[in-house]
Amino acid sequence: MTRIAIFASGRGSNAREIIKYFQSYNTISVSLIISNKQTAPVLDIGKQFDINTLVINRISFYESEDILKELSKHKIDFIVLAGFMWLIPKYLVQNYEGKVINIHPALLPKYGGKGMYGMNVHNAVHEAKEPETGITIHFVNEHYDEGNIIFQAKCSLDATDTPETIAEKIHQLEHQYFPKTIENTILNL
Ligand code: GRF
């Protein structure tokens with residue numbers, strides 16, 4: 001059994017799709033949801049599906065390695081970032097080498113890096129009048145949005161698109177491809 005921890009700070013629509021996808025899967029399970037925000041809706045989703053949840057704070061995340069104990073207590077083998085805003089510290093990347101992946105709501109290397117998250121990305125894509133955008137699923141290293149790319153999918157844009165319709169198109173692509181890409185990545189470990 002490969003046990004996944006999802007790190008998320010927000011709405012959790014991707015987390016929900018991932019949980020549903022693996023719900024009746026024999027060899028992969030979502031076993032823990034970790035958030036840096038006590039009030040994040042993703043924690044309610046975890047509870048709805050009877051999955052353990054954990055709220056972490058910045059000081060312990062960056063100045064201790066306590067989270068490794070939590071991850072090992074829940075026998076976590078693989079980490080999925082689904083809307084998690086904090087940079088992953090080196091000790092965590094090193095302990096889960098090749099086993100941490102993230103989804104980014106644009107076609108990296110474009111529109112990546114610090115500060116490029118959520119609507120900031122879609123506003124920038126809109127402003128630049130890009131003819132297309134998309135999603136990038138990639139391995140995580142100690143730098144924002146720089147690990148090796150695993151998968152990308154594109155959608156086209158036109159003059160009628162707004163940052164909001166772009167966000168909607170991106171969420172659809174994410175829900176369609178993220179769970180499958182997690183599955184393929186784990187099966188290829
Ligand atoms: C997604 O767009 C993802 O690409 C980004 O954060 C967003 C999370 O959305 N990293 P949700 O909380 O899964 O709805």
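All ligand and atom numbering here is 1-based and tracks the order in the structure. Here the structure is a predicted model, which is why all the values come from computation and not from measurement.
Using bins of under 30°, 30° to 60° and over 60° for the plane-to-plane angle, the ring pair F61/Y91 lands in the perpendicular bin.
The distance from ligand 1 to the heavy atoms of S13 drops below 4.0 Å at these ligand atoms: 11 (P), 12 (O), 13 (O), 14 (O). Residue E174 has at least one heavy-atom neighbour below 4.0 Å for each of these atoms of ligand 1: 1 (C), 2 (O), 3 (C), 4 (O). Per-residue contacts place R11 under 4.0 angstrom from the following atoms of ligand 1 (heavy atoms of the residue considered): 12 (O), 14 (O). Taking every heavy atom of G83 and a limit of under 4.0 angstrom, the matching atoms of ligand 1 come to 5 (C), 6 (O), 8 (C), 10 (N).
Between E183 and K180 no salt bridge is recorded (no basic side-chain N to carboxylate O distance below 4.0 Å). In this structure, E63 does not pair ionically with R58, as no charged nitrogen and carboxylate oxygen lie closer than 4.0 Å. Of the charged side-chain nitrogens involved, at least one lies within less than 4.0 Å of a carboxylate oxygen, so that K169 and D161 count as a salt-bridged pair.
Considering backbone and side-chain atoms together, H104 places no N or O closer than 3.5 Å to any N or O of ligand 1. Considering backbone and side-chain N/O of G12, one or more are found under 3.5 Å from N/O of ligand 1. Between I103 and ligand 1, at least one N/O pair is under 3.5 Å apart.
Annotation for Q48: atom CD counts as buried by contact number, over 12 foreign heavy atoms lying within 6.0 Å.
When the heavy-atom distances from atom 9 (O) of ligand 1 to M85, M119, H171 are ranked, the shortest goes to H171.
Side-chain rings of H175 and H171 approach one another, their centers coming within less than 6.0 Å.
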